[in-house]
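Here is the structure we will look at, set down as structure tokens.
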Number of protein chains: 2
Amino acid sequence: MNKKVTMLELAKIARVDISTVSRALNNSPVVKESTRRRIQRIADEIGYAVNAPASSLRRKSARAIGMVIPLDQEAEQTMSDPFYLEMVGAVSQAAADLDYDLVVTVPRDARQVAERRLLNTGRADGIIVIGQAARIERLNELAEVHSNFVVWGGRIKRAKYTTVGSDNVKGGHIATSHLLERGARRILFLGDPDLPEVKLRYDGFLKAQKEAGISHDPSYLLRMNFGGRTTYNQVLDFLRAGNKIDGIFASSDLLANSAIHALVAKGLSVPGDVRVVGYDNIGQASMMTPPLTTVSQNISQGGQMMVELLLAKLEGEKVNSRFTKTELIVRDSA
Amino acid sequence: MNKKVTMLELAKIARVDISTVSRALNNSPVVKESTRRRIQRIADEIGYAVNAPASSLRRKSARAIGMVIPLDQEAEQTMSDPFYLEMVGAVSQAAADLDYDLVVTVPRDARQVAERRLLNTGRADGIIVIGQAARIERLNELAEVHSNFVVWGGRIKRAKYTTVGSDNVKGGHIATSHLLERGARRILFLGDPDLPEVKLRYDGFLKAQKEAGISHDPSYLLRMNFGGRTTYNQVLDFLRAGNKIDGIFASSDLLANSAIHALVAKGLSVPGDVRVVGYDNIGQASMMTPPLTTVSQNISQGGQMMVELLLAKLEGEKVNSRFTKTELIVRDSA
DNA sequence: ATGGAGTATACAATCGTTTGCATTTCATGA
DNA sequence: TCATGAAATGCAAACGATTGTATACTCCAT
């Protein structure tokens, strides 16, 4: 049904050797400019496109990068965080700019070794892994065999691989300072400090208050996972217990949204009575109604950095910095 | 750095011909069971994995399906809708189950012909396109050249390709009935009826009210795009203008969330004074605090259906039904 | 004219699998 | 023991591109 044009046919039409066609299409400087253009024109006319598998086989490079999005146990929850899709988009575009395709894998359970498979089968030249959470050891193992992968996530001492992410301590610091500058003194923290990234944000949270000379009540911390299924009730209970707050730093925008709902339900106004700052700057944040003040992770920049770093590694460059920071910005809604 | 084990080496170790190895790994019935197991064991030991490009070249099949997520102009907005990522996850898993990889492309502008490229280069055997919105004509053109693609979206008369999606009219009907059954009489619709899917939901919305003998005031429709950047203010203005409502049917969960914020800001309680129903059942909905009542599209099932349908087409089966419906469920928060 | 330095193109090997066909191995019955 | 068919394995030709090396072609200086 589908006519498969091969390079050989194209060569015949152009009355040159197939090797010349190949060089022409790959912009080799040795082919004369006029021939190159002629060949290119014919290619467009007959709708020829280089066969990827053949090219990959010969080149020993798939011109594709793999992306692994682990979901661990709480598949549903993690999945629903818009952050991930924004990252897929950012990486896809950055890859496309460099003429690479993106092979996405969403391993069902963490035990799978999706990364290894992608690399060993030669389907991808390198891998981008989103999030390390509970997989640090596994990634360390992988690092001993393959070096061509980059991980999105916070900087972790014992990680033996290249990481890209924002400076979470700084992010927590910025968010908290934002609240302090606006007069908040009794700030509640939302998130699970057992998660590495959240822990760092919490550190920044504490640091900012210490610097400002504010004494922080350690009970002003509500542990909850990223999903936020329980956030609403937890916050409500916290308020009902008589705790007074004038600020909330939520470790994700999802949690912030839920928290705002709870505050309003309790008759508090945002940001009148309580100021709320989120984290991530998922695209939704800016349209969240009212817009949410959040710490931006510049996801698009992060995706681009990961792709560039990965390709640099593939080309054998020594990537000296093991950790690269993306920009952080407070997007204020006020 | 990376030792590349080839099938030939594996064959030597196993002291058989490379062709036997190939057949063994592909579970050909002609190789003796004992040899098959022996070869498999050795393969595991030395960590051999079939080289994908070579296999694809020879087989003339990439064992990969492409997924195109068009973002049109309002890239940001569309992108932030969690629906898309859930779909990526669903398709990825369905594909993985059938041993296919997933190549994701997020074309920057709608003018690109990402689908064609993926197919022509042989990088993907078939394509899944998410959303048709403004691209119906382009997809119709594509359909004349390639038949191996499936589109997610509402059923549209002039579409000449295979579509999978939920029954949007029915969905709108279900949502509206849900509100009516609970006593709502003055229901506001949120969404842009210029979008095909939304139009159908609106039709269902009208139909349900007509059946119930409720006269619907056509001014109870706030046009807004999926992004929902303006939803909060639009709803607030609508209320301030003195319009009374006791129900809202939002054509997406994002809009519903914004609407709830606006209602609460106006001093109305949800669902006490106004009942709100969303659409999509993005994972977030159930944890949206308070949980949102929404019409579920069963995204996971939808993704699976698309993959199965696509593979059936690839195998030449005549896919008779041009439109396949996924299940619809009202997830009630009450 | 002719040699030589470039420049442009052609030849042919190769990448790692899969698969049609030929060949060997094996068990079985005569 | 040997022919015989079936079962298991081996041989070799693809698949469609890329690339090192060899050849042909230009153009100019002698």
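Chain A is the first sequence line, chain B the second, and so forth, proteins listed ahead of strands; every chain is numbered from 1. Atoms considered below: every heavy atom in the structure, side chains included; atoms not considered: hydrogens, waters and symmetry mates.
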Spacing between A/Lys12 atom NZ and C/dA10 atom P, to the nearest angstrom: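 Distance, rounded to whole Å: 14 Å.
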Quickly work out the A/Asn120 CG to C/dG16 C1' distance and round it to whole Å. 15 Å
Only pairs at least two apart or in different chains count here, so list each salt bridge (Lys or Arg N to Asp or Glu O under 4.0 Å) that has a residue in residues 27-38 of chain A. A/Glu33-A/Arg36, A/Glu33-A/Arg37
Identify whether any heavy atom of A/Val16 sits under 4.0 Å from a base atom; if not, whether one sits that close to sugar-phosphate; answer base, sugar-phosphate or nothing. sugar-phosphate
Going by the rule side chain to side chain donor-acceptor pair (under 3.5 Å), which residues pair with [X] if we only count those two or more places apart in sequence or in a different chain?
X	value
A/Glu144	none
A/Ser61	A/Asp125
A/Gln40	A/Asp44
A/Asp17	A/Ser19

Would you jot down, in residue-number order, the residues of residues 48-59 of chain A having a non-hydrogen atom under 4.0 Å from DNA chain C? A/Leu57, A/Arg58
Determine to 10° how strongly the helix from C/dA1-D/dT30 to C/dA30-D/dT1 is bent, judged from the axes of its five-pair ends.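 What I find for the helix from C/dA1-D/dT30 to C/dA30-D/dT1 is an axis angle of 60°.
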Can you check nucleotides 20-26 of chain C for protein contacts, nitrogen or oxygen pairs under 3.5 Å, and list what you find?
residue : atom : partner : partner atom : Å
C/dG20  : O6   : B/Arg23 : NH2          : 3.0

Take A/Met7 and B/Asp17, find for each the nucleotide of DNA chain D with the closest heavy atom, and name the residue whose nucleotide sits nearer the 5' end.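 Final value for this comparison: B/Asp17.
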Take A/Arg158 and A/Glu137 through the salt bridge (charged side-chain N to carboxylate O under 4.0 Å, His left out) test and state the conclusion after the steps. CA-CA 9 Å; A/Arg158 68 179 194 282; A/Glu137 298 314 332; 2.9 Å; yes
Side chain proximity check, [X] to [Y], heavy atoms < 4.5 angstrom:
X	Y	result
B/Val151	B/Val164	no
B/Asn120	A/Tyr48	no
B/Met7	B/Leu25	yes
B/Tyr161	B/Ile136	yes
A/Ile127	A/Val150	no
A/Thr105	A/Met67	no

Quick one, which residues of residues 31-40 of chain B touch DNA chain D with a heavy atom under 4.0 Å? B/Val31, B/Lys32, B/Thr35
Just the endpoints, please: which first and last nucleotides of DNA chain D, 5' to 3', lie under 4.0 Å from a heavy atom of chain B? D/dA8 to D/dG16
Do any side-chain atoms of residues 94-102 of chain A form donor-acceptor pairs under 3.5 angstrom with protein atoms, and if so which ones, sequence neighbours left out?
residue  : atom : partner  : partner atom : Å
A/Asp97  : OD1  : B/Arg108 : NH2          : 2.7
A/Asp101 : OD1  : B/Arg117 : NH2          : 2.8
A/Asp101 : OD2  : B/Arg123 : NE           : 2.2

Strictly below 4.0 Å: does B/Ser22 bring a side-chain N or O up to OP1 or OP2 of C/dT17?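 No, no such contact exists.
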According to side chain to side chain contact (heavy atoms under 4.5 Å, CB included), who are the partners of A/Leu57, at least two apart in sequence or on a separate chain? B/Asn51, B/Pro53, B/Ala54, B/Leu57
Under a plain distance cut-off of 3.5 Å, with no hydrogens placed, do A/Lys313 and A/Ser147 share a side-chain donor-acceptor pair?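 A/Ser147 vs A/Lys313: no donor-acceptor pair found between side chains.
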